[in-house]
Amino acid sequence: MLAHTLSKMEFSVSSEAFIRAPGTRSEIGTVIQGVLLGLFLLPLLYKSSLQVLAYCRKLESQRTQTVEECTQKRIDCGVFYVSLLVALLLLVPSWTRLIQGFEVHPFVWVFNYIFTDSRERLALCAYWIFVIYVSIRRFYSISKQSKTERILLRKYYHLVAVLIFSPAVIFQPDFLDLAFGAAFAVFLILEMVRVWEIYPLGHIVHQFMSAFTDHRDSEILIVSHFSLLLGCALPKWMSSGFNDRPLTPFAGILSLGIGDTMASMIGYKYGVLRWSKTGKKTIEGTAAGITSVLAACSILLSLLASSGYILSQHWISLLVAVTLSGLLEAYTAQLDNAFIPLVFYSLLCL
């Protein structure tokens, strides 16, 4: 993002002598980066606006009474929503026009993209909405009423990721790239709303997300859902254009949705032999994770071969990649959802 932005700017010394941006660039990649850039600038815009308002109120404090706390929160919420609109409606299209020469607003482009050859994409969107709606209602009710361990509730969402992303990787890979970017943008907005307690969703989002947190989430930020999404999205984004490694787009789905889930569930219920005295991960869980990923890979390779895909994945290298990533998962304590898929992706590319 930064390289493409600087390459379009003119300096006293030619920027091309110092900055080399990739030659080819997809429209989907431009839209995703433009939206994320706007959302990354949103906190700066929001907090700067609040500082200006606070300064103005301080100047008028001698003539007016103190603003009530309730009124202050409403003002802050209004400033946030205005800042969000400015970021999405002004900053994002300005950047995409500079980089890619977009003549239409990125949101209009996304709308046209979805409804062009729309039958399969709309069916996929309907399927995603159905799965997300059912999973949220079901798992949130379980988290409130059941004694199910929180770690198992979190792994259920890993299985949901498999249900959501696997069909899209096979049938609509480009659309999935765009959907990953949209989901990441929504997660960023919801996290800002939760942290800053923006009315009316701030308390609701905080209450829902708190039901699935663990020790890896700080007192302020909840990053578990970000790491799960990025763990599935990054291998897919990075594998675009590479056709000789058929399993690389599935690296996140296989390692998180299948391997990590089975390792946790089997290890929690049947694990006896622990890798370390202080850790909770077991040898039985790791073995179950490695076995389940290998089984899923065999099924995927069969499906891809039946569809006419020319395969170049050797079983020995696949066995090494799955085993090493499974063993690494057993010894990873922090943000393994974002780290393990990248390692597995790299091993699949060897």
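In this chain, residues are counted from 1 in sequence order. Because the structure is a prediction, the values reported are computed rather than measured.
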Residue pair [X] / [Y]: nearest heavy atoms and the distance that separates them:
X      : Y      : result
Gly34  : Val92  : O-CG2, 3.3 Å
Ala287 : Thr291 : O-OG1, 2.8 Å
Pro235 : Gly252 : CG-N, 3.8 Å
Gly289 : Met262 : CA-CB, 4.5 Å
Pro167 : Val162 : CD-O, 4.1 Å
Pro106 : Thr96  : CG-OG1, 3.5 Å

**OP:** Test Thr282 against Leu273 for side-chain contact (heavy atoms from CB on, under 4.5 Å), laying out the working first.
**Re:** CA-CA 5 Å; Thr282 63; Leu273 302 175; 5.8 Å; no

Original post:
With sequence neighbours excluded, what pairs up with Thr286 under the side chain to side chain donor-acceptor pair (under 3.5 Å) test?
Top reply: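 Checked Thr286 against side chain to side chain donor-acceptor pair (under 3.5 Å); matches are Trp275.
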
When you compare the side chain of [Y] with that of [X], does any pair of heavy atoms fall below 4.5 Å?
X      : Y      : result
Glu191 : Phe226 : yes
Leu45  : Leu84  : no
Leu89  : His105 : yes
Trp196 : Leu50  : no
Leu328 : Phe339 : yes
Leu256 : Pro341 : yes
Phe344 : Val322 : yes
Arg194 : His203 : no

Under a 4.5 Å side-chain heavy-atom rule over Ile, Leu, Val, Met, Phe, Trp and Tyr, are [X] and [Y] clustered together?
X      : Y      : answer
Tyr46  : Leu221 : yes
Leu178 : Ile129 : no
Val35  : Leu44  : no
Leu85  : Ile198 : no
Leu42  : Tyr199 : no

Give, for atom [atom1] of [X] and atom [atom2] of [Y], the distance between the pair rounded to the nearest 0.5 Å.
X      : Y      : atom1 : atom2 : result
Phe250 : Cys232 : CZ    : SG    : 12.0 Å
Ile32  : Leu37  : CD1   : CG    : 13.5 Å
Cys77  : Leu201 : SG    : CG    : 10.0 Å
Cys297 : Leu319 : SG    : CG    : 10.5 Å
Leu347 : Leu247 : CG    : CG    : 12.5 Å
Leu229 : Phe187 : CG    : CZ    : 5.5 Å

Count the heavy atoms belonging to other residues, nucleotides or ligands that lie under 6.0 Å from [atom1] of [X], then report whether that count exceeds 12.
X      : atom1 : answer
Ile316 : CD1   : no
Tyr270 : OH    : no
Tyr81  : OH    : yes

Under the 3.5 angstrom rule, does the side chain of [X] hit a backbone N or O of [Y] as a donor-acceptor pair?
X      : Y      : answer
Tyr127 : Leu163 : yes
Thr261 : Ile258 : no
Glu284 : Ile266 : no
Lys281 : Glu329 : yes
Trp128 : Ile164 : yes
Tyr345 : Met238 : yes

**OP:** Before giving the answer on side-chain contact (heavy atoms from CB on, under 4.5 Å), spell out for Ser325 and Ser255 the whole-Å C-alpha distance, their side-chain angles and the decisive distance to 0.1 Å.
**Re:** CA-CA 8 Å; Ser325 60; Ser255 59; 5.6 Å; no

Original post:
Any salt bridge (charged side-chain N to carboxylate O under 4.0 Å, His left out) pairs touching residues 223-238, not counting sequence neighbours?
Top reply: Asp177-Lys236

Subject >> Working for side-chain contact (heavy atoms from CB on, under 4.5 Å), residues Met265 and Leu159 >> reply: CA-CA 12 Å; Met265 290 185 172; Leu159 295 177; 4.1 Å; yes

**OP:** Please test Leu350 against Ser317 for side-chain contact (heavy atoms from CB on, under 4.5 Å), starting from the C-alpha separation and ending with a verdict.
**Re:** CA-CA 8 Å; Leu350 295 178; Ser317 61; over 6 Å; no

**OP:** Please check if the distance between the ring centroids of Phe40 and Trp95 is under 6.0 Å.
**Re:**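 Not under 6.0 Å, so no.
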
Subject >> Row check, Tyr113 ring normal vs Arg121 NZ/CZ: under 6.0 Å, within 45° >> reply: yes

Subject >> With Arg274 via salt bridge (charged side-chain N to carboxylate O under 4.0 Å, His left out) - residues at least two apart >> reply: none

